Amino acid sequence: MKTALCAVSTLLAAMAVLYASAASDGKKREMALNAVYQRAFYETCEYVSGMENDLSKLSATSSARTQVSLLDDLSRRAQGAQCNLALLPVSMDAATATMKFVNQAGDYAETLSARLSAGGTLGEEDRAQLGVLSESASLFASRLDEALTTGVFTVGDAEGVPELLANVPDTSYPTLLYDGPFSDTRLDGAARGPSGDEMTREQAAQALMDFLGDDVDGISFTGDAQGETELYEFALRYHGRECSAGVSKKGGRLFYLLPDSAGGESLRTQEECVESAKMFLESRIPGEVQESYYRVYSGVLTVNMVPVESGILLYPDLIKVQVSMSDASVIGLEMKDYYRNHAPRALPEPAIDEAQALALAGARLETEGARMCLIPIRQTEALCYEVRGREGEDEFLLYIDAQTGVEQTLFQLLKAPDGTLAE
């Protein structure tokens, strides 16, 4: 499965390059390649950051169920990082150290997950090894973070990447024998997809303009995207920026909008940009949304917005929004989870109350409050209390199942000058 997934990623990149080579417009060729490289680089950063936080959170829980969930997530992120690294325009020699790190971290996570699933436990040696991996992930994540502050990864801008990828610290790992199946946390085939009639390219382009509103210019069709949801892909100018967009052939839903350049000078506050993202969505989709966490890279604020229904946060329907800090304009969107999952739900009544959830979470943490939410758990959804708590200087969000009282998962809150992350 791992080989097949990476092969698919490499094939998609090859298709993009072939299309770019065949295009007559030089600007379109460059944009097509840049879109592939930028997405691969940003996703590598996100996956490695997630690996760092999965490793950190393993030290904050004694729940075997949560440990298995974190280890499975660590394995999935390692696989995602590996596939995206394969798309970057650098030689495999340059990426060897990084590939070794993500491969061994993923395989080790699978080994421990299999042991815990069979009734075993994490010993002191395991925790020490996870600590070593955590240090390596932290160092690599900080280097990638530094690279992001220098600007967006583009064609011909790969000079410093070989050194960046080669200098991941080498560590000693135990022999890894177990090679289990790839763990995917998205919802299964019961998840809803975009509804509506099949659209032509022209109709999809019009739907894109209708959704984005003013400041759209120069839309042109660039190709088809095949996958779980078939898309028409377009190049366009939005708020004066070159962008690429994917619109579902069925129903004309905007699945993604990706800017071709960073945000420029930061003239607006983070609070203004978050509010701009909220107003943008609430004027275009039904109901309320609430910000979850955000991060700033190169003058662009990326915020996760969560739809709210009857006071319940719907995390499976999360929308990612990118806002330019130069003028607080929305310049990027990722809405695939919203269109795949958002639909009326018959939610159960909680079997435990907030006080009971706080007491359950307080076994290891000093709790600060709770709110109701729906979260994705492997191939289904669970109604939970989101409990905020502390262990020393570290802050966490624990998710206590509102029916069973079981700790489903947890996130660590990371505060920085450029935002608060929950990973």
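These figures come from a predicted structure and were not determined experimentally.
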Given side chains that start at C-beta, do those of M51 and V102 come closer than 4.5 Å, heavy atoms only?
yes
With no hydrogens and no angle check, is any side-chain donor or acceptor of S283 less than 3.5 Å from a backbone partner on M279?
yes
Testing N341, L313, N304 one by one against L318 for a side chain to side chain contact (heavy atoms under 4.5 Å, CB included), which residue passes?
N304
Going through the distances and angles, do K278 and E275 end up as a side chain to side chain contact (heavy atoms under 4.5 Å, CB included)?
CA-CA 5 Å; K278 183 176 182 180; E275 183 62 22; 4.3 Å; yes
Does a side-chain N-to-carboxylate-O contact under 4.0 Å join R77 and D54?
yes
If we ignore hydrogens and angles and just use 3.5 Å, is the side chain of S276 paired with the main-chain N or O of A328 as donor and acceptor?
yes
Locate the shortest heavy-atom distance separating R237 from G240; write the atom from each residue and the value.
NH2-O, 2.7 Å
Is R388 salt-bridged to E386, cutoff N-O under 4.0 Å?
no
If you compare all heavy atoms of A109 against all heavy atoms of S75, which two are closest, and at what distance to 0.1 Å?
CB-N, 4.1 Å
Does any non-hydrogen side-chain atom of Y293 lie less than 4.5 Å from one of V303?
no
Set out, in order, the CA-CA distance, both residues' side-chain angles and the distance that settles side-chain hydrogen bond (donor to acceptor under 3.5 Å, both in side chains) for Y47 and E52, then state yes or no.
CA-CA 9 Å; Y47 281 127; E52 177 190 9; over 6 Å; no
Backbone N/O of I352 and side chain of Y385: donor-acceptor pair under 3.5 Å:
yes
On a heavy-atom basis, which atom in G106 and which in A78 lie closest, and how many Å separate them?
CA-CB, 3.7 Å
Salt bridge K320-D337, side-chain N to carboxylate O under 4.0 Å
no
Indicate whether the side chain of S324 and that of R241 have a donor and an acceptor atom separated by less than 3.5 Å.
yes
For the residue pair Y294 and T302, establish whether any side-chain heavy-atom pair is separated by less than 4.5 Å.
no
Where do M305 and Q290 land on the side chain to side chain contact (heavy atoms under 4.5 Å, CB included) test, with the steps shown first?
CA-CA 5 Å; M305 305 298 294; Q290 187 173 128; 6.0 Å; no
With side chains defined as the heavy atoms from C-beta onward, is the minimum distance between E334 and I319 less than 4.5 Å?
no
Min side-chain heavy-atom separation Q322-P259 under 4.5 Å
yes
Step by step, work out the side chain to side chain contact (heavy atoms under 4.5 Å, CB included) result for E288 and E282.
CA-CA 6 Å; E288 176 191 355; E282 290 185 342; 3.6 Å; yes
State, with a plain yes or no, whether a side-chain heavy atom of L212 is found less than 4.5 Å away from one of L257.
yes
Here the gap from R295 atom CZ to E46 atom CD, rounded to the nearest 0.5 Å, amounts to 10.0 Å
C384 side chain near I400 side chain, heavy-atom distance below 4.5 Å
no
May I ask you to decide if the ring planes of H342 and Y338 are parallel, tilted or perpendicular, using 30° and 60° as cut-offs?
parallel
Where V289 and P307 come nearest, the two heavy atoms and their spacing:
CG1-CA, 4.0 Å
To the nearest 0.5 Å, what is the distance between OG1 (T66) and CG (D73)?
12.0 Å
Side-chain donor or acceptor of Q408 paired with backbone N/O of A382 under 3.5 Å:
no
Is the positively charged end of R284 above the ring of F280, judged by distance under 6.0 angstrom from the centroid and angle within 45° of the axis?
yes
Which heavy atom of A105 sits nearest a heavy atom of L74, and at what distance?
O-CD2, 4.2 Å
State whether the number of non-hydrogen atoms from other residues, nucleotides or ligands found under 6.0 Å of E391 atom CD is greater than 12.
yes
Aromatic plane relationship, Y339 with F255 - under 30° parallel, 30 to 60° tilted, over 60° perpendicular
parallel
Sub-3.5 Å donor-acceptor pair from the side chain of E272 to the main-chain atoms of T269, do we have one?
yes
Salt-bridged, E368 to R390, with N to O below 4.0 Å?
yes
Here the gap from L383 atom CG to C373 atom SG, rounded to the nearest 0.5 Å, amounts to 7.5 Å
Closest non-hydrogen contact found for A351 with Q403 is CB-O, 3.4 Å
Validate the cation-pi geometry between K57 and F396: distance from NZ or CZ to the six-membered ring centre under 6.0 Å, angle to the ring axis within 45°.
no
Would you say L374 and L347 make side-chain contact, with heavy atoms under 4.5 Å?
yes
Is there a salt bridge (charged side-chain N to carboxylate O under 4.0 Å, His left out) between E407 and R65 once you walk through the steps?
CA-CA 8 Å; E407 179 188 308; R65 180 190 182 99; over 6 Å; no
For a side chain to side chain contact (heavy atoms under 4.5 Å, CB included) check, start with the C-alpha distance between Y256 and S244, then their side-chain angles and the critical distance, and finish with the verdict.
CA-CA 8 Å; Y256 75 85; S244 56; 4.0 Å; yes
Between S248 and R253, is there a donor-acceptor pair closer than 3.5 Å when you use the side chain of the first and the backbone of the second?
yes
In this structure, CG of L254 is separated from NZ of K336 (nearest 0.5 Å) by 12.0 Å
In Å, rounded to the nearest 0.5 Å, how long is the span from CG of L301 to CD of E291?
10.5 Å
From L55 atom CG to L71 atom CG, the distance as rounded to the nearest 0.5 Å
8.5 Å
Under 3.5 Å, is there a donor-acceptor pair between the side chain of S117 and the main chain of S113?
yes
Hey, which of T367, L360, L410 is the one that makes side chain to side chain contact (heavy atoms under 4.5 Å, CB included) with V387?
T367
Just checking, any donor-acceptor pair under 3.5 angstrom between side chains of T222 and E233?
no
